[in-house]
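Data block below; observations after.
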Amino acid sequence: MWRRARLERCARRAEGPSMRYSKMLIPTVKEVPADAQVISHVLMLRAGLIRKVAAGIYNYLPLGLRVLRKIEQIIREEMVRAGAQELLMPAVNPAELWQESGRWYKYGPELLRFKDRKGADYCVGPTHEEVITALVRGEVRSYKELPLNLFQIQSKFRDEVRPRFGLMRAREFIMKDAYSFDVDEKAAAVCYEGMYRTYCRIFDRCGLRFRAVEADTGNIGGNRSHEFQVLAESGEDAIVACSQCSYAANVEKAAIGAPPVAPAASRPDIPLQKVATPGQRTIDEVASFLKVEPQQIVKSLIYLVDGKPLAALCRGDHEINEVKLRAHLRADEVMLADDATIEQTTHAPCGFAGPVGLDLPIVADQAVAQMFGAVCGANEKDMHFTGLAVPRDVKLQSIGDLRTARAGDTCGRCGGSFELHRGVEVGQVFFLGTKYAAPMKCVYLGEDGKEHPMVMGCYGIGVGRTAAAAIEQNHDDDGIIWPLPIAPCQVHLLSLGPQPEVVQVADRLYHELLEHGVEVLYDDRSERPGVKFKDADLLGIPFRIAIGGKGVAGGYAEWRPRRDRQTVNVPLAVIASHARAAIDSEMRRTPAEIAP
RNA sequence: CGGGGCGUGGCGCAGUCUGGUAGCGCAUCUGCUUUGGGAGCAGAGAGUCGGAGGUUCAAAUCCUCUCGCCCCGACCA
């Protein structure tokens, strides 16, 4: 009963002065916008949800904002349920805080910096670890005041090199960011687990299919992280999931099982031989020229690791993963060497590098360590070696899991095999430890009377990106198919035709739906039916009710869910309660109704 | 930051090579007809051709410089 009351309250608030289409700013467009590359961007523009103001900067129009507010509200409810408190920090941050954490110097041009009238340095916050840490260290002294988990929902700015894909990669974007403060690692780990579960609830409630995957911690630092990936063909991120155990990870991070030890029979002990390969630079060229498979070739890449050259080896059909390489070497920066460095270190042009006799530290992917009878570059123009036996011919500094995971690879946890998915990253949770608390002296007095740094975690959700991901995952050729919990409205009511009795019935039903606590968009425009149908499909409101001349004469309305498009005629007398019941039943399909 | 492309009524584009009255489709407005899957006819309004210099009798068009946007790559929530 409380639930009905709440829904009615929400609907009344949502109704505002009017949800009549004729009075609203819903600028739909027929033509596909020229500069939109991904479907969510196309549909958000076409459905009149957003408009671009500048590169990566958008207006959120009324229907678009309704979606963002729905997502925000779900996040807010679940964060509060998990014990977090909402606050709001400034978008503009003084440079001093960022200098204190060191990120003023490390962050690079993505941090939008500017000066005020006095010439003092400021930035627009791309994230808020500095501000929150400064706040908490100033206000919290004792272990008795911990733990704390504080969050905000706010616009952030990252001056992306290349903003694109609409809200998927904007420069200004709305983000929920939360920061937890605990007395020790153990308590912080409990908090991290709690946030992990909260995130699962949030995306479940949004009605999205997603996977939580192990992730690299990137620049934010810390030692434990999960990304929440909404599964969609068009996702930018590649993730793998084990077919046998629960392990799932970003391909950048996914631990690949060690290859089985090759039997002696498959280790041909043949001599190293230099062969001419004029002009054959790429793996494919060398493979077809020497009539071998790419996996029999050792690919040798020269990297600059914190400025120093190093050779990294992987199999010809594999890809070196720079994230893993950086982690393996405990380096800050890993980048492919330029041609000049390659020629200097290998004494050969790019395309002929090899590990034999190379005067550089060499690291190898685990799959390379057991290669016999292989092919590699000879560090000499137009020459390769055949008969390479890695253990015999190459001095390796170390061996590790250095390549990007692929479908079918062995799971590093259980030995099962990986399936590949694509996803849109909508959230990430980080276990930060004392990375910020220590340098910024965010400390508390413990029971032992001594000062300790607080142990932190941070937890982000891209609100606009979640909306975009929902569209990537839920659309067809005609438009968006919103999951009910985040749809701009629940029911799209259409009046078809100019006959006064049709308008009268539709008007009455509009009010009846509102009285039933239904969020309804009422298309009362004097457009032809075709126009209204097309706009309804484009907007993607989950349920459509059409009132037409025939229906009014026969005493029924036409009910059609957007997703399956199974049209049924429902008597006018019960259509409102039919809608109410359909909404309740659909909402119950989300885990929100599972006991807290 | 490297490479490529584009800036012309609200939107999408043609015109630029070869300088000579700025055009098309959609949208908008008016009228009549039409009303179950983006209607028809008739009429109308709306553009400093991204900006600044220059060449020329004459510049959307040629030259120089700028600004913005998009795509590919490197980088990232």
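Every chain is numbered from 1 and lettered A, B, ... according to where its sequence line falls, protein lines coming before strand lines.
- Between the side chain of A/E527 and the base of B/rG38, no donor-acceptor pair of N or O atoms lies under 3.5 Å.
- Contacts of A/A536 with the nucleic acid, taken as non-hydrogen atoms under 4.0 Å apart, are absent.
- The residue among A/R544 and A/G462 whose nearest nucleotide of RNA chain B is located toward the 5' end is A/R544.
- Nucleic acid contact for A/G497: sugar-phosphate only, since backbone atoms but no base atoms lie under 4.0 Å from a heavy atom of the residue.
- A donor-acceptor contact under 3.5 angstrom links the side-chain atoms of A/R169 to the base of B/rC76.
- Comparing A/E110 and A/K52 along RNA chain B, the residue whose closest nucleotide (by nearest heavy atom) sits nearer the 5' end is A/K52.
- No more than 12 heavy atoms of other residues, nucleotides or ligands sit less than 6.0 Å from atom CZ of A/R69.
- Put simply, A/R164 has a side-chain N or O that comes within less than 4.0 Å of OP1 or OP2 on B/rC72.
- The ring pair (Phe, Tyr, Trp, His ring centres under 6.0 Å) search around A/H475 returns none, not counting sequence neighbours.
- Pairing partner, B/rC32: B/rG40, with both Watson-Crick or wobble hydrogen-bond distances short of 3.5 Å.
- Heavy atoms of A/K156 sit nowhere under 4.0 angstrom from any nucleic acid atom.
- Nearest to the side-chain atoms of A/V161 among the listed nucleotides B/rA77, B/rU35, B/rC1 stands B/rC1.
- When both pairing distances are held under 3.5 Å, B/rG25 makes a Watson-Crick or G-U pair with B/rC11.
- By the criterion of a centre-to-centre distance under 5.5 Å and near-parallel planes under 30°, the ring of A/F173 forms a stack with the base of B/rA77.
- Atoms CZ (A/R560) and P (B/rG37) sit 12 Å apart, rounded to a whole Å.
- Close to B/rC70, at under 4.0 Å from its OP1 or OP2, lies no side-chain N or O of A/Q37.
- At least one cation-pi condition fails for A/R20 and A/Y522: the charged atom is not both under 6.0 angstrom from the six-membered ring centre and inside a 45 degree cone around its axis.
- Put simply, A/R465 has no side-chain N or O that comes within less than 4.0 Å of OP1 or OP2 on B/rA77.
- Of the side-chain N and O atoms in A/K532, none sit less than 4.0 angstrom from OP1 or OP2 of B/rG36.
- Within the 4.0 angstrom heavy-atom criterion, only backbone atoms of the sugar-phosphate kind lie near A/E322; the bases stay farther away.
- Checked against the 6.0 Å centroid threshold, A/Y179 and A/H128 do not count as a close aromatic pair.
- Between A/H492 and A/D523, the closest side-chain pair of non-hydrogen atoms falls below 4.5 Å.
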inquiry  = Within the 4.0 Å limit for protein heavy atoms, which parts of nucleotides 2-14 of chain B are touched? Write it as a string from 5' to 3', B for base, S for sugar-phosphate only, - for none.
reply    = ----------SS-

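- In this structure, A/S225 contributes its side chain and A/V429 its backbone to a donor-acceptor pair below 3.5 Å.
- The side chain of A/V531 has B/rG38 as its nearest neighbour among B/rA77, B/rC69, B/rG38.
- Among B/rA39, B/rG36, B/rC26, the nucleotide with an atom closest to any side-chain atom of A/E558 is B/rG36.
- B/rU18 makes up no base pair with any nucleotide shown, lacking Watson-Crick or G-U wobble contacts both under 3.5 Å.
- A/R46 comes within contact range of at least one nucleobase, with a heavy-atom separation under 4.0 Å.
- In this structure, A/R171 places its CZ atom 20 Å from P of B/rC75, rounding to the nearest Å.
- With no hydrogens or angles considered, a side-chain donor-acceptor pair links A/T127 and A/E129 at under 3.5 Å.
- Judged by the 6.0 Å and 45° rule, A/R113 forms a cation-pi pair with A/W104.
- Within 4.0 Å (heavy atoms only), A/R525 reaches no atom of the nucleic acid at all.
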